[in-house]
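Each remark here refers to the structure printed beneath this line.
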Amino acid sequence: MKTEPDVFSWDDLELKKIASWDGVRNYQARNFMRDDFKVGDKVLFYHSSCADPGVAGTAEVVREAYPDPTALDPDSEYFDEASRKTGVSRWVMVDVSPVNRFSKLASLTMIRENAKLKSMALLQRGQRLSIQPVSAAEFAEIEAMGR
DNA sequence: GCCAACGTTGGC
DNA sequence: GCCAACGTTGGC
């Protein structure tokens, strides 16, 4: 999962202990959370749109997908008019908790340079999804880079 | 700040 | 259902 550290960083996650992953407003990303995120699943916590993009640590799913209430809140930056009209949020969120803080960032540059990771979704052309699938092998490789 | 790539919107 | 216009993402 991607996050802008200016908005919500790894440090914020550690401080908060449990974070509700609200604000996802892309159907494909939503479907990944809704269909594939199970309690106990591990996720890579990726810092994007910043000076040093890369994976800062790993987290785990502590609650499976449930409706994202910010879609119904007119005061939220994630407010969604279509959801308000139906009275039901069409967006979901999951809760995650920190697991492993990387001693060094697994930078995007390092990920690019690792031949074993060349087929990662993250590196594919035009890839912008904030939630992306990661294989077990890729996950292990990146975790090793962070040590 | 630039810009390529992509998703969404809305007129027809 | 097509597709142009627009908005967003995200690395650089």
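Because the structure is a prediction, the values reported are computed rather than measured. To find a chain, count down the sequence lines: A is the first, B the second, and so on, and within it residues start at 1.
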Would you tell me whether A:R128 and A:S48 have side-chain atoms, one donor and one acceptor, within less than 3.5 Å of each other? no
Any side-chain donor near an acceptor of the partner, A:S9 and A:D12, under 3.5 Å: yes
Contact boundaries on DNA chain B for chain A, cut-off under 4.0 Å to non-hydrogen atoms: B:dA5 to B:dT8
Using a heavy-atom cut-off of 4.0 Å across all strands, would you classify A:R112 as base, sugar-phosphate, or nothing? sugar-phosphate
Take the angle between the ring planes of A:W91 and A:Y27 and call it parallel below 30°, perpendicular above 60°, tilted in between. tilted
Output all residues satisfying side-chain contact (heavy atoms from CB on, under 4.5 Å) with A:E77, sequence neighbours left out; order by chain, then residue number. none
Hey, is NZ on A:K38 packed in by over 12 heavy atoms from elsewhere, all under 6.0 Å? yes
